[in-house]
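Reckoned from all heavy atoms, side chains included, excluding hydrogens, waters and symmetry mates. So you know, we letter chains A, B, ... as the sequences are listed, proteins then strands, and number each from 1.
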Amino acid sequence: MSIQKPKGTQDLLPGEIEKWQYVESKARELCQRFNYREIRTPVFEHTELFQRGVGETTDIVEKEMYTFLDKGDRSISLRPEGTAGVVRSYVENKLYGEPDVSKLYYVGPMFRYEQPQSGRYRQFHQFGIEAIGSVDPSLDAEVIALGYTFYREIGIKDVTVEINSVGNPSVRAAYREHIQQFFAPVKDQLCKDCQSRYERNPMRILDCKIDQKYCEGAPTIVEHLDEECRTHFARVQQYLTALGVPFRLNPRLVRGLDYYTHTAFEYKAAGIGAIDTIGGGGRYNGLVGQIGGQDQPGVGLALGMERILLVLQAQGADIPAEKPLDVYLIGLGEAAETRIVGLLHELRLEGLTAEKDYQSRKLKAQMKSADRYKAAYVGILGDNELEKGEIAVKALATGEQETLSLSEFARTLAARQRG
RNA sequence: GCGGUCGUGGCGAAGGGGUUAACGCACUGGUCUGUGGCUCCAGCAUUCGUGGGUUCAAGUCCCAUCGAUCGCCCCA
């Protein structure tokens, strides 16, 4: 059997790739307006970076990483998310030495070893931003607003923004105990998953679809925030309102990465089957220090490209397709075919999109081909035209045909197509 | 890691033990000695994901395996 692509990966072929290019170009353009600059970091890093950054006990690190030993016996992992690498680079390149907040964005592949399903792949792509160097809640709000604006501008409808505060480490430790106490009496009635969540990540029980009945009246983390956390969260909400970003408080929102502090948020939209999260992020004060830098607070987000495209498709959004051809050239006979090659190049140098046949097909087949390419013009050159120094030019849309002189052919069509 | 469904030409899809594997789309050629989109005609799978088994006989039944897809966990 022939070789197939690895499970959970995809080939993005012409026809599909245009959609990616559209979404990516919108992302870059938006980042420029918000003054975020691109950063490209390796797709693999030392495994330790993710263990320290993402967190030893997270699902991502525990069971989803592509980890291997390289020839120097170093443990290497394909990046499962973007933040750790960006923060590592921030530290390694001493970007904290710069006077302003570092506002960075990235677009690229991430890797997680999971069973694929709708909207989930082993190699998937994220567009993300990171703003490092400030605790200002207006920065949290800006990050959330950028994501929201992005969805709006590429044409996704009905995006919901959910926010929560997950406090700081000491708030969270205290809250964890509260919630364990709350569920302790019903612990044995909880579903199998929640029984393990009880130890590992009790906040997740609140998210469970099966055990909702036991969740009523459960303490929320928001009720347990200390003064500093509460103030920060309130300010973020004020700024979001000022920015015109509608949001919903979700006291049960918990993210799967350990590094979040204070603000956590997710974007949701329907259209990907069982999955509705299309992006998320939060603040990560403490992560930079954990990775070994002089401590700096940060906030960021990551949006799933595949999920964006799935939602766009589900909503029937029209995404720019491939561009039609300006000119298709047909040469009849050896002399004409030779001349066609030069003419084709002239057209291309003039900036037009031009093509010819490479399969020695009949005139009729070449016409069909031009039609498939949606060519605006077909140039037909035969012996009789060649003798007169002319070329027959047919406009496919109208069927009208004219004769142009070979010397001004390229310039004439270029002028028309540019206009 | 676990569970459901599915794997037949470039694509969509019939066939559910019996001699030559429907049909549609696309494609190629002809109808039209140098002009596309329409019509009509012709051509286009020594073979049904892979491996093994049952049988006189296997796309068709059984097992395994790989893959796709959807779901669980978790998330993008």
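Side-chain atoms of Glu45(A) and Ser77(A) include no donor-acceptor pair closer than 3.5 Å. Counting only N and O atoms by type, the side chains of Asp136(A) and Ser134(A) include no donor and acceptor under 3.5 Å apart. Side chain to side chain, Glu130(A) and Tyr284(A) meet the donor-acceptor criterion of an N or O pair below 3.5 Å.
Proximity of Lys394(A) to the phosphate of U35(B): no side-chain N or O atom is located under 4.0 Å from OP1 or OP2. Neither OP1 nor OP2 of G36(B) sits under 4.0 Å from any side-chain N or O of Arg372(A). Between Lys7(A) and C66(B), a side-chain N or O to OP1/OP2 separation shorter than 4.0 Å is absent. Residue Gln117(A) places at least one side-chain N or O under 4.0 Å from the OP1 or OP2 atom of G71(B). OP1 and OP2 of U28(B) both lie 4.0 Å or more from every side-chain N or O belonging to Lys362(A).
At the heavy-atom level, Tyr328(A) lies nowhere under 4.0 Å from the strands shown. Ile308(A) comes within 4.0 angstrom of nothing in the nucleic acid, heavy atoms only. Note on Gly399(A): a base of the nucleic acid sits closer than 4.0 angstrom, heavy atoms only. Residue Gln123(A) is out of contact with every strand shown, counting any heavy-atom pair closer than 4.0 Å. Within 4.0 Å of Gly8(A), counting heavy atoms only, lie sugar-phosphate atoms of the nucleic acid but no base atom.
Judged by distance alone with a 3.5 Å cut-off, a donor-acceptor contact links the side chain of Glu114(A) to the base of A76(B). Counting distance only, with no hydrogens placed and no angle test, the side-chain atoms of Lys364(A) and the base atoms of U31(B) include a donor-acceptor pair under 3.5 Å. A donor-acceptor contact under 3.5 angstrom links the side-chain atoms of Gln401(A) to the base of U35(B). Side chain Arg255(A) to base C74(B): no donor-acceptor pair is found below 3.5 Å.
If you check A64(B) for Watson-Crick or wobble pairing at under 3.5 angstrom, you find it paired to U50(B). For A76(B), there is no paired base (Watson-Crick or G-U wobble, both distances below 3.5 Å). In this structure A42(B) sits in a base pair with U28(B), meeting the Watson-Crick or G-U test at under 3.5 Å. Nucleotide G12(B) forms a pair with C23(B), judged by Watson-Crick or G-U wobble geometry with both contacts under 3.5 Å. Judged by Watson-Crick or G-U wobble contacts below 3.5 Å, the nucleotide G3(B) has C70(B) as its partner.
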Show, in sequence, the C-alpha distance, side-chain angles and deciding distance for Gln123(A) and Thr9(A), and conclude whether the side chain to side chain donor-acceptor pair (under 3.5 Å) test is met.
CA-CA 5 Å; Gln123(A) 175 175 339; Thr9(A) 63; over 6 Å; no
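Considering only the side chain of Ala274(A), C72(B) comes nearest among C72(B), U35(B), C66(B). Between A76(B), C70(B), C74(B), one nucleotide has an atom nearer to the side chain of Leu257(A) than all others, and that is A76(B). Side-chain proximity of Thr277(A) to G67(B), G37(B), A76(B): nearest is A76(B). Comparing atom distances between the Gln115(A) side chain and each of U35(B), A68(B), G71(B) picks out G71(B) as nearest.
Here the two rings, on Tyr151(A) and Tyr267(A), have centers that are under 6.0 Å apart.
With a 6.0 Å cutoff to the six-membered ring centre and a 45° limit on the axis angle, Arg112(A) does not count as a cation-pi contact of Phe124(A).
The CD1-P distance, from Ile272(A) to C72(B), rounds to 13 Å in whole Å.
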